[in-house]
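This one's a predicted model, so the numbers in the text were calculated from it and none came from an experiment. Numbers here are sequence positions counted from 1. For ligands, and for the atoms within them, numbers begin at 1 and follow the listed sequence.
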Amino acid sequence: MKALQLVGWKQAPELRELPEPEPGPGEVVIEVAAAGACHSDLHLLHDFEEGMVPFEPPFTLGHENAGRVHALGDGVSTGIGGFEVGQPVAVYGPWGCGRCRRCRKGMENYCEHLTEIGAGGGGLGRNGGMAEYMLVPSDRLLVPIGDLDPVLAAPLTDAGLTPYHAIKRSWDLLGAGSTAVVIGCGGLGHMAIQILAATTAAEVVAVDANPAALELARSAGATHTVQPGEDATEQIREATRGRGADVVLDVVGVDDTLALGAAVARPLGHLTIVGIGGGTLGVNFFSVPYELSVATTYWGSLPELMEVIDLAERGQIRPEVSVSPLAEAAETYDRLARGEVRGRAVVTP
Ligand code: NAD
Ligand code: ZN
Ligand code: ZN
């Protein structure tokens with residue numbers, strides 16, 4: 001089968017011929033219907049080098065996947081609550097040990113043994129979904145998607161799940177009269193705005209350098225759109241009636257966006273850093289509002305993925321996608337790097 005692989009740090013991805021995976025005991029092979037192209041893959045391709053993450057190339061890219069169950073390994077239950085060949089599923093992306101306290105709560109993103117496991121999941125050290133078939137190490141990592149289009153389900157597993165988790169931890173700040181600022185309105189950001197609109201009473205201020213992304217942000221539910229620049233802070237403060245933002249989601253994470261986030265946040269607010277832009281926020285007594293909580297978040301939990309899928313099944317969120325075949329996956333990443341993707345790019349092997 002064909003698979004788009006990261007073959008070495010700082011090298012262009014290659015479409016390679018690989019043997020079809022066979023499921024071992026407890027494992028499941030998925031026929032991939034859709035794999036999202038995440039900006040994190042661009043960090044993997046362009047920014048990362050040996051020693052930065054606990055895994056090494058080569059591996060197949062694609063950590064945002066959905067498809068149909070193709071083959072079940074020995075011992076995978078087909079009984080009550082089990083899976084059947086042909087069943088449509090989304091793949092929960094962060095693969096932990098499955099046994100530690102965090103994993104048993106469904107938070108495999110924060111597995112206690114991630115360093116020892118030495119991989120983040122399929123597409124992050126192990127073979128991912130930019131291929132015709134993908135091996136998933138356990139059926140506990142699969143979520144049924146019913147009639148949901150896998151092309152829409154794939155982005156939900158990261159572009160949907162990551163902002164959902166980041167927003168959910170701040171739900172108590174997002175009641176009537178509150179404001180959330182979303183910086184970066186691409187794959188994750190446009191879903192963040194939809195999730196804020198669907199699950200909170202907050203008004204959403206969208207910030208992006210790209211006017212097309214701001215237009216998408218408006219249709220996703222943002223009431224104010226702001227381009228970064230000298231008067232961005234003032235525009236955002238005005239949109240919050242001078243109070244400042246209750247929650248800022250920085251889905252870019254460079255120096256400028258972190259500084260903007262801290263400048264527009266409100267005392268007692270949350271500044272949540274989702275983007276892996278490599279920026280630094282200097283923190284001292286005077287540099288951030290009083291009692292501002294600054295946190296990074298990584299992906300989300302399995303129960304949260306089920307909630308995200310519920311939202312999509314009810315039509316309350318819907319990723320904006322552009323679809324391309326596996327043969328054009330490398331070009332798709334180039335388009336993402338040039339900022340030419342509206343919403344999420346999805347590859348359909
Ligand atoms: P994307 O390329 O689809 O979207 C990024 C958006 O940010 C674009 O619209 C771009 O115009 C905008 N942007 C870039 N620089 C900007 C700046 N300086 N000011 C304002 N807007 C700017 O990317 P994505 O797939 O949504 O990923 C966004 C970030 O989130 C990436 O850094 C990615 O690695 C990271 N990420 C983190 C997690 C996590 O678990 N924390 C999960 C997935 C992705
Ligand atoms: Zn990702
Ligand atoms: Zn674990």
For ligand 1, is Leu336 a contact, meaning one of its heavy atoms is under 4.0 Å away?
yes
Rounded to the nearest 0.5 angstrom, the CG-CD distance for Leu6 and Glu14 is 10.0 Å
For the residue pair Glu307 / Tyr164, report whether a side-chain donor-acceptor contact shorter than 3.5 Å exists.
yes
For atom 28 (C) of ligand 1, closest protein heavy-atom neighbour:
Val251 O, 3.2 Å
Among non-hydrogen protein atoms, atom 2 (O) of ligand 1 lies closest to His39 ND1, 2.6 Å
I'd like to check Pro155 versus Met191 (side-chain heavy atoms, cut-off strictly below 4.5 Å). Are they in contact?
no
Can you confirm whether Glu116 is buried at CD, in the sense that more than 12 heavy atoms of other residues, nucleotides or ligands lie under 6.0 Å from that atom?
yes
Please determine whether His113 has a backbone or side-chain N, O or S atom lying under 2.8 Å from the Zn ion (ligand 3).
no
State whether the shortest distance between N or O atoms of Val207 and N or O atoms of ligand 1 falls below 3.5 angstrom.
no
So for ligand 1, is Ile276 a polar contact partner (N or O within less than 3.5 Å, distance only)?
yes
Do any nitrogen or oxygen atoms of Trp299 come within less than 3.5 Å of a nitrogen or oxygen of ligand 1?
yes
How close does the nearest protein non-hydrogen atom get to atom 31 (C) of ligand 1, and which residue and atom is it?
His43 NE2, 3.6 Å
Residue and atom name of the nearest protein heavy atom (relative to atom 4 (O) of ligand 1), distance in Å to one decimal:
Gly186 CA, 3.3 Å
Would you check if Asn127 and Gln5 make a side-chain contact, meaning some heavy-atom pair closer than 4.5 Å?
yes
Quick one: nearest non-hydrogen protein atom to atom 21 (N) of ligand 1, plus distance?
Ala209 N, 3.4 Å
Pick one of side chain, backbone, both or neither for how Ala213 approaches ligand 1, counting any non-hydrogen atom pair under 4.0 Å.
side chain
Is there a donor-acceptor pair closer than 3.5 Å between any side-chain N or O of Gln87 and the backbone N or O of Glu84?
yes
Are a donor atom and an acceptor atom from the side chains of Asp250 and Thr257 found within less than 3.5 Å of each other?
yes
Identity and distance of the protein heavy atom lying nearest atom 3 (O) of ligand 1:
Gly187 N, 2.8 Å
Nearest non-hydrogen protein atom to atom 36 (N) of ligand 1, with distance, is Ser40 OG, 3.4 Å
The SG(Cys97)-the Zn ion (ligand 3)-SG(Cys111) angle, to 10°, is 110°
At under 4.0 Å between heavy atoms, which part of Thr257 makes contact with ligand 1: side chain, backbone, both or neither?
side chain
Linking I/L/V/M/F/W/Y whenever their side-chain heavy atoms sit closer than 4.5 Å, directly or via other members, would Leu72 and Val91 fall into one cluster?
yes
Going through the distances and angles, do Trp171 and Thr200 end up as a side-chain hydrogen bond (donor to acceptor under 3.5 Å, both in side chains)?
CA-CA 7 Å; Trp171 267 351; Thr200 79; over 6 Å; no
Within 4.0 Å of some non-hydrogen atom of Tyr298, the atoms of ligand 1 are 40 (O)
Excluding waters, which protein N, O or S atoms are within less than 2.8 Å of the Zn ion (ligand 2)?
Cys38 SG, His63 NE2, Asp158 OD2
For residues Ser322 and Arg342, is any side-chain donor paired with an opposing acceptor at under 3.5 Å?
no
Where ligand 1 meets Asn210 - atom numbers and elements under 4.0 angstrom, heavy-atom basis:
11 (O)
Ligand 1 contacted by Arg344 (non-hydrogen, < 4.0 Å):
yes
Verify the distance criterion only: is there a donor paired with an acceptor across the side chains of His270 and Ser170 at less than 3.5 Å?
yes
Trp299-His63 aromatic ring centre distance below 6.0 Å
yes
Asp74/Val76 under side-chain contact (heavy atoms from CB on, under 4.5 Å): CA gap, chis, key distance, verdict
CA-CA 6 Å; Asp74 285 345; Val76 178; over 6 Å; no
Which residue supplies the protein heavy atom nearest to atom 39 (C) of ligand 1, what is that atom called, and how far is it?
Thr162 CG2, 3.5 Å
Using a strict cut-off of 4.0 Å, indicate which atoms of ligand 1 neighbour a heavy atom of Thr297.
39 (C), 40 (O), 41 (N)
Examine Phe285 together with Tyr290 and report whether their ring centres are nearer than 6.0 Å.
yes
Only heavy atoms of Pro228, strictly under 4.0 Å: list the atoms of ligand 1 that pass.
19 (N), 20 (C)
Residues Glu331, Arg338; criterion salt bridge (charged side-chain N to carboxylate O under 4.0 Å, His left out); working and verdict
CA-CA 11 Å; Glu331 162 58 17; Arg338 290 195 300 266; 3.6 Å; yes
Under 4.0 Å, counting heavy atoms only: does Gly253 come that close to any atom of ligand 1?
no
Among Asp208, Thr272, Leu44, which one puts a heavy atom closest to atom 12 (C) of ligand 1?
Asp208
Pair Lys10 + Glu49, salt bridge at N-O below 4.0 Å
yes
Between OG on residue Ser77 and CZ on residue Phe83, distance to nearest 0.5 Å:
10.0 Å
Are any of the N/O atoms in Val274 less than 3.5 Å from those in ligand 1?
yes
Atom CG of Asn284: over 12 foreign heavy atoms under 6.0 Å
yes
Of the choices Asp158, Val252, Leu260, which has the non-hydrogen atom that lies closest to atom 42 (C) of ligand 1?
Asp158
Shortest heavy-atom approach to atom 30 (O) of ligand 1 - which of Gly343, Gly339, Gly275:
Gly275
Val251 and its side-chain contact (heavy atoms from CB on, under 4.5 Å) partner, picked from Thr272, Val207, Val182, Asp208
Val182
